[in-house]
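Here's the structure, in structure tokens; my notes come after.
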Amino acid sequence: MSETRTAPPVAAVPARGPAHPLPLDDPRPAPGRYLRCRTRGPVPVTALFPAVLQQRALADLARVPAMLACFVERLGPHPFDGCLLVIADDPARVPASPGVAVLRSDSIDGSGSCDGALADAIARQWFARGTEGADARDAWLVPALARYATWLWCEAAGDMTTDALAAAEHARLAGRSAGEPRDAREGAPDDPRAGRGALLLHGLRIELGDVRFFELLQACSLLHPAGAGTTQGFRELVGAFADRPTDALLDAWLVDAELPPAPERRRRAHRRHRR
């Protein structure tokens with residue numbers, strides 16, 4: 001990150017429908033001394049953070065351009081005219097907007113431990129459509145899309161493959177089914193809605209193949225006004241990309257209470273050739 005300076009008071013970001021690209025203004029995070037840091041690139045990044053966190057924040061945000069490049073490749077063009085990140089002591093005081101990624105100050109330690117939370121917050125900029133036409137049954141969708149995007153970033157960064165992450169997530173969900181304590185906050189690492197939804201997405205990736213699956217993810221983006229803002233809209237999108245019915249797969253993860261088996265890639269049979 002570069003070009004650090006003290007941030008003046010700025011206006012809140014208005015909520016808007018999808019366009020290309022969506023305009024983005026700085027929010028007012030909270031009273032106090034904040035620094036603004038900007039980077040140039042295919043997706044310009046602006047970060048606002050408390051001045052006392054400057055060194056740690058710059059270290060933790062160093063991989064943001066690479067993260068954005070991964071998401072642009074997999075999820076399509078960034079929906080806004082820039083990526084805005086806000087690090088705040090009290091995120092509730094940051095005006096809500098689908099174009100702003102917000103992290104808590106206490107998650108910033110300079111070690112990169114906030115990488116997953118950062119990727120989740122940034123990925124939501126592709127998918128957070130607001131609540132129009134949605135209800136409680138649709139609450140899984142954006143957290144699941146964001147969770148799967150963090151898996152894609154983890155794989156691109158060379159940490160773990162999406163297959164390994166899916167297996168680990170399924171094991172966590174199985175453990176919770178057995179009575180382990182839960183953390184059901186939206187977007188939390190232990191959020192069962194995000195976990196089940198991400199596993200459904202991985203199952204769809206196996207079913208559709210990479211080309212159609214990533215076309216599906218891009219069709220879910222804010223840049224597509226008819227994209228998936230509700231569960232029914234998502235089902236219709238999946239049907240448009242699938243060669244065969246996927247209702248049983250969708251119902252297993254979205255309707256049935258029982259945890260389905262972990263999605264696994266079909267292994268190709270190896271024939272032995274006699275000499």
Side-chain angles (χ1 to χ4, degrees), residues 13 15-18 22 71 75 79 91-92 94-104 107 116-153 165-166 168-170 172-177 180-205 213 216-239 246-260 262-263:
V13 181
R16 297 197 40 167
L22 291 168
F71 290 161
L75 309 179
V94 180
S97 169
V100 181
V102 184
L103 276 77
R104 294 187 60 88
S107 69
L118 182 59
D120 184 283
I122 291 175
R124 287 168 185 261
Q125 296 179 343
W126 268 263
F127 304 117
R129 296 176 176 272
T131 58
E132 185 177 354
D135 58 30
R137 291 170 296 181
D138 306 313
W140 68 276
L141 185 54
V142 171
L145 289 164
R147 174 70 59 83
Y148 200 77
T150 67
W151 292 2
L152 295 173
W153 161 244
L165 288 161
E169 183 64 38
H170 191 273
R172 280 192 289 269
L173 288 174
R176 283 197 292 268
S177 299
E180 291 184 5
R182 305 182 179 190
D183 181 355
R185 294 173 298 162
E186 181 178 315
D190 206 34
D191 182 356
R193 296 172 303 179
R196 281 186 73 112
L199 286 167
L200 165 61
L201 290 169
H202 197 61
L204 286 170
R205 182 178 179 182
F213 174 73
L216 169 66
L217 287 190
Q218 293 183 23
C220 293
S221 165
L222 287 171
L223 295 181
H224 296 268
T230 64
T231 300
Q232 183 57 36
F234 180 76
R235 283 178 174 271
E236 292 171 1
L237 269 181
V238 171
T246 55
D247 290 338
L249 176 61
L250 290 162
D251 288 346
W253 290 102
L254 298 179
V255 179
D256 299 346
E258 185 178 353
L259 180 66

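Being a predicted model, the structure only gives us computed values, none of them experimental.
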Does the pair Leu145 and Trp126 meet the rule for a side chain to side chain contact (heavy atoms under 4.5 Å, CB included), with working shown?
-> CA-CA 9 Å; Leu145 289 164; Trp126 268 263; over 6 Å; no
Arg196 and Ala257 have their tightest heavy-atom pair at NH1-O, 3.5 Å
Output for pair (Leu217 CG, Leu204 CG), nearest 0.5 Å, gives 9.5 Å
The single option from Val238, Thr246, Leu249 that satisfies side chain to side chain contact (heavy atoms under 4.5 Å, CB included) with Leu200 is Leu249
- Give a yes or no on whether the backbone of Gly233 and the side-chain of Thr230 come within a donor-acceptor separation of less than 3.5 Å. yes
For Trp140, the side chain to side chain donor-acceptor pair (under 3.5 Å) test, sequence neighbours excluded, returns Thr231
So, do Leu141 and Phe234 sit near enough that their side-chain heavy atoms are less than 4.5 Å apart?
-> yes
Here the gap from His202 atom NE2 to Leu199 atom CG, rounded to the nearest 0.5 Å, amounts to 8.0 Å
With a 4.5 Å cut-off on side-chain heavy atoms, are Arg137 and Leu254 touching? no
Short question: side chain of His170, backbone of Leu259 - any donor-acceptor pair under 3.5 Å? no
For Trp253 and Pro263 the tightest heavy-atom approach is CZ2-CD, 3.9 Å
Between Pro79 and Ser221, the two heavy atoms sitting closest are CG-OG, 4.1 Å
Check: Is there a side-chain contact between Arg124 and Pro143 (heavy atoms, below 4.5 Å)?
Finding: yes
Between Phe127 and Tyr148, does the ring centroid distance fall short of 6.0 Å?
-> no
Between Leu173 and Gly195 the two heavy atoms that sit nearest each other are CD1-C, 3.9 Å
Minimal heavy-atom distance between Ala119 and Trp153, with the atoms involved, is CB-CD1, 4.0 Å
Between Arg147 and Ala198, the two heavy atoms sitting closest are CG-CB, 3.6 Å
